[in-house]
Amino acid sequence: MLIKLLEKIQLTIGVLFLLTFFITIVIQVVTRFMGVSAVWTEEVATYSFIWSVFMGASVMLNRREHFQFDFLLKKLKGKGKDSLYLINDIILLVFSFAIFYFGIEAVQSFWNYNWVSLPQLKMGYVWISVPIMGGTMVIYTLAHIYRNVRNFNTKEVAE
């Protein structure tokens with residue numbers, strides 16, 4: 001299924017950037033211990049961490065493992081619970097679309113800015129993670145809404 005493939009790609013990207021973050025921090029510690037300062041490590045670590053967090057946030061939304069207030073969800077049953085899931089998903093859809101839209105604007109605004117320590121790299125490569133996260137969140141949320149509406153008359157809504 002497309003959603004599973006998209007999630008797997010995002011997880012792979014997130015893990016690769018987290019690995020890059022870890023390796024860069026190790027390089028930074030080792031070089032400072034040796035008395036050499038690798039200036040580029042701070043930016044690479046920061047920006048790779050940003051990518052890993054944004055890719056992970058989108059996957060967590062798909063798995064419904066993100067932060068949520070579930071007091072009301074635990075109290076409701078049947079149609080009330082299904083309706084609340086639908087309302088939550090619609091709110092998430094609006095929020096995710098806003099992230100996608102304004103992320104595209106941010107990428108366009110900051111694309112030609114350069115990194116400080118590695119001026120060959122553009123800030124657009126960092127900022128593009130925002131609309132990617134927002135776009136995949138929109139896709140995941142639409143899939144949740146579709147699944148919940150399709151299963152609305154059944155006993156259990158997919159969580």
Side-chain angles (χ1 to χ4, degrees), residues 1-74 84-85 87-148 158-159:
M1 188 164 170
L2 176 67
I3 299 295
K4 295 284 186 192
L5 177 64
L6 187 58
E7 183 180 296
K8 189 172 187 170
I9 291 169
Q10 273 193 299
L11 275 177
T12 303
I13 291 170
V15 166
L16 289 174
F17 275 107
L18 199 56
L19 185 62
T20 303
F21 168 77
F22 178 74
I23 291 170
T24 306
I25 294 298
V26 169
I27 291 170
Q28 187 177 42
V29 169
V30 169
T31 56
R32 286 195 182 176
F33 181 73
M34 294 174 12
V36 180
S37 181
V39 185
W40 58 271
T41 55
E42 185 178 344
E43 276 189 310
V44 171
T46 300
Y47 299 148
S48 60
F49 187 72
I50 288 170
W51 265 89
S52 65
V53 167
F54 284 174
M55 295 302 106
S58 186
V59 171
M60 291 299 102
L61 181 131
N62 184 44
R63 295 180 178 182
R64 293 194 187 270
E65 293 176 357
H66 53 77
F67 178 78
Q68 63 180 334
F69 296 103
D70 60 353
F71 176 76
L72 195 55
L73 282 171
K74 288 181 178 180
L84 186 58
Y85 268 116
I87 291 168
N88 285 343
D89 285 339
I90 290 170
I91 292 169
L92 279 172
L93 182 63
V94 170
F95 180 72
S96 300
F97 186 76
I99 291 173
F100 176 69
Y101 178 79
F102 291 115
I104 289 174
E105 286 189 354
V107 170
Q108 291 172 343
S109 296
F110 295 107
W111 184 264
N112 288 320
Y113 285 63
N114 295 332
W115 290 23
V116 174
S117 62
L118 297 170
Q120 307 89 321
L121 296 176
K122 303 283 185 192
M123 284 301 295
Y125 297 125
V126 177
W127 282 96
I128 203 164
S129 63
V130 177
I132 289 173
M133 176 190 68
T136 53
M137 289 170 81
V138 166
I139 292 169
Y140 294 147
T141 305
L142 284 172
H144 289 163
I145 290 171
Y146 172 75
R147 197 171 337 133
N148 290 345
E159 296 183 18

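- Centroid-to-centroid, the aromatic rings of Trp115 and Tyr47 come within less than 6.0 Å.
- Residues Val44 and Leu118 have side chains in contact (heavy-atom distance under 4.5 Å, counting atoms from C-beta outward).
- Relative ring orientation between Phe97 and Phe100 is described as tilted, the plane-to-plane angle lying within the 30° to 60° band.
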Yes or no on side chain to side chain contact (heavy atoms under 4.5 Å, CB included) for Thr24 and Gln28, after CA distance, side-chain angles and deciding distance? CA-CA 6 Å; Thr24 306; Gln28 187 177 42; 5.6 Å; no
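- Each of Val94, Asn148, Leu84, Leu142 was checked for a side-chain contact (heavy atoms from CB on, under 4.5 Å) with Asp89, and the lone residue meeting it is Asn148.
- Looking at every heavy atom in both residues, Tyr140 comes nearest to Gln10 through OH-OE1, 2.8 Å.
- If you take CE on Met55 and CG on Leu11, they are separated by 10.5 Å, rounding to the nearest 0.5 Å.
- Atom CG in Asn62 sits 8.0 Å away from atom CG in Leu6 (nearest 0.5 Å).
- Although no hydrogens or angles enter the test, the distance criterion places a donor-acceptor pair under 3.5 Å between the side chain of Trp51 and the main chain of Tyr125.
- In this structure, Ile87 CD1 and Ile145 CD1 are separated by 11.5 Å, a value rounded to the nearest 0.5 Å.
- Among all heavy-atom pairs drawn from Leu61 and His144, the shortest one is O-CE1, 3.4 Å.
- Counting all heavy atoms, side chain and backbone alike, Val130 lies closest to Ile99 at O-CG2, 3.8 Å.
- The CZ atom of Phe49 sits 7.5 Å away from atom CG of Leu18, with the distance rounded to the nearest 0.5 Å.
- When every heavy atom of Asn112 is checked against every heavy atom of Lys122, the shortest pair comes out as O-NZ, 3.9 Å.
- Rounding to the nearest 0.5 Å places CE of Met137 at 11.5 Å from CE of Met60.
- Contact record, Ala45 with Ile25: CB-CD1, 3.7 Å, taken as the closest heavy-atom pair.
- Shortest non-hydrogen contact noted between Val116 and Pro119 is O-CD, 4.0 Å.
- For the atom pair CD (Glu43) and OG1 (Thr46), the distance works out to 7.5 Å, reported to the nearest 0.5 Å.
- Taking the six-membered ring where the residue is Trp, Trp127 and Phe110 present parallel rings, their angle staying beneath 30° rather than reaching 60°.
- In terms of modelled atom types and a separation under 3.5 Å, the side chain of Thr141 and the main chain of Val138 share no donor-acceptor contact.
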